[in-house]
Amino acid sequence: MNSNATSPANGPSSAADAPPLQGANLLRRFAAMVYDSLLLMALGLGYGAVVTFLNVTLQGAPPEGEAIQWGAWRLPVFLGLLGVWLFFFYYFWGKHGQTLGMRAWRLKLVDARSGGAARPGQRLGRALMALPALLVLGVGYFWRWVDPSGHTLHGRLSRTRVILLPKEKR
């Protein structure tokens, strides 16, 4: 870290007293994902309620026992849900470098080179790549076991890193 860099845990520091950035292990990452998935489900339910209300308001209620018809809106509604989820990560990574699940497990997203806050393009790139990295049998996450620097695939491509923060002194 250079002398103008900010330590993720303690604010401004010099390179001499900055703690090394320890990458977070997969167990902690997956535990944080479980926490965040509960929040994402709640956001998804809220989004679904809003778009269902709009659909029924515009098209009228379907006959009893029949499903709501989405027609040409099916894809835009699905893409809207993905957008809500992307915004969740983008917003929290930008505000604190952490989602609520990451905060519970003392994880933080940082720029891989400087250790400072991830830039907007990095946050967006990571958010876009993280789901495919998980869905393809988790290969993007298990990549860290073969990467010389211990990066996940989406971390390497977005030039970000998830670090483990030190325990807070009580």
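Here, residue 1 is the first one in the sequence, and each next residue gets the next number. Just so it is clear, the structure is predicted and the values come from calculations on it, not from any experiment.
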Return yes when atom OH of Tyr47 has more than 12 non-hydrogen atoms of other residues, nucleotides or ligands closer than 6.0 Å, and no otherwise. yes
Consider side chain to side chain contact (heavy atoms under 4.5 Å, CB included). Of Tyr91, Phe87, Trp93, which one does Phe89 pass it with? Trp93
Same cluster or not: are Phe53 and Val56 linked, directly or through other Ile, Leu, Val, Met, Phe, Trp or Tyr residues, by side-chain heavy atoms under 4.5 angstrom apart? no
Would you compute the distance between atom CG of Asp36 and atom CZ of Arg103 and round it to the nearest 0.5 angstrom? 12.0 Å
Lys108/Val162 under side chain to side chain contact (heavy atoms under 4.5 Å, CB included): CA gap, chis, key distance, verdict: CA-CA 5 Å; Lys108 186 171 186 176; Val162 174; over 6 Å; no
Rounded distance [0.5 Å steps], CD in Gln69 versus CD in Glu66: 7.0 Å
Less than 6.0 angstrom separating the ring centers of Phe88 and Trp85, yes or no? no
Indicate whether the side chain of Arg144 and that of His151 have a donor and an acceptor atom separated by less than 3.5 Å. no
Check whether Leu157 and Val146 end up in the same hydrophobic cluster, where Ile, Leu, Val, Met, Phe, Trp and Tyr are linked by side-chain heavy atoms less than 4.5 Å apart. yes
Got a sec: does the CZ of Phe78 have more than 12 other heavy atoms crowding it under 6.0 Å? no
Could you label the plane-to-plane angle of the Tyr35 and Trp105 rings as parallel, tilted or perpendicular, counting under 30° as parallel and over 60° as perpendicular? perpendicular
Determine whether Leu165 and Leu107 satisfy the following criterion, side chain to side chain contact (heavy atoms under 4.5 Å, CB included), listing intermediate values before the conclusion. CA-CA 6 Å; Leu165 295 174; Leu107 304 177; over 6 Å; no
So do Phe142 and Leu153 actually touch side chain to side chain, heavy atoms under 4.5 Å? no
Any salt bridge between Asp111 and Arg119, counting N to O under 4.0 Å? yes
Check Ser158 against Gly125 and note the closest heavy-atom contact, atom names and distance. CB-C, 4.3 Å
Please answer: with hydrophobic residues joined when any side-chain heavy atoms are less than 4.5 Å apart, are Leu128 and Tyr90 in the same cluster? yes
Atom CZ in Arg161, atom OG in Ser149: separation rounded to 0.5 Å? 6.5 Å
Is there a path of hydrophobic side-chain contacts, each under 4.5 Å between heavy atoms of I/L/V/M/F/W/Y residues, joining Val84 to Val51? yes
Is there a chain of hydrophobic side chains (I, L, V, M, F, W, Y, each step under 4.5 Å between heavy atoms) that links Leu164 to Met33? no
Roughly how far, to the nearest 0.5 Å, is the CZ atom of Arg29 from the CE atom of Met102? 8.0 Å
If every non-hydrogen atom of Ala118 is compared with every non-hydrogen atom of Thr160, which pair is closest and at what distance? CB-CG2, 4.1 Å
With side chain to side chain contact (heavy atoms under 4.5 Å, CB included) as the test, would you mind laying out the steps for Leu39 and Phe92 before giving the verdict? CA-CA 12 Å; Leu39 296 168; Phe92 280 105; over 6 Å; no
Report yes or no: does Gln122 contribute a side-chain atom to a donor-acceptor pair with the main-chain N or O of Arg159 at less than 3.5 Å? yes
Do the side chains of Pro166 and Gln22 get nearer than 4.5 Å, heavy atoms only? no
Measure the shortest side-chain to side-chain distance between Arg106 and Arg28 over non-hydrogen atoms and say whether it is less than 4.5 angstrom. yes
Any chance you could measure Leu100, atom CG, to Leu38, atom CG, to the nearest 0.5 Å? 11.0 Å
Tightest non-hydrogen contact, residues Pro62 and Ile68, listed as CG-CG1, 3.9 Å
Intermediate values then yes/no, side chain to side chain contact (heavy atoms under 4.5 Å, CB included), Trp143 and Thr152: CA-CA 5 Å; Trp143 179 268; Thr152 58; 5.5 Å; no
For the residue pair Leu109 and Arg126, establish whether any side-chain heavy-atom pair is separated by less than 4.5 Å. yes
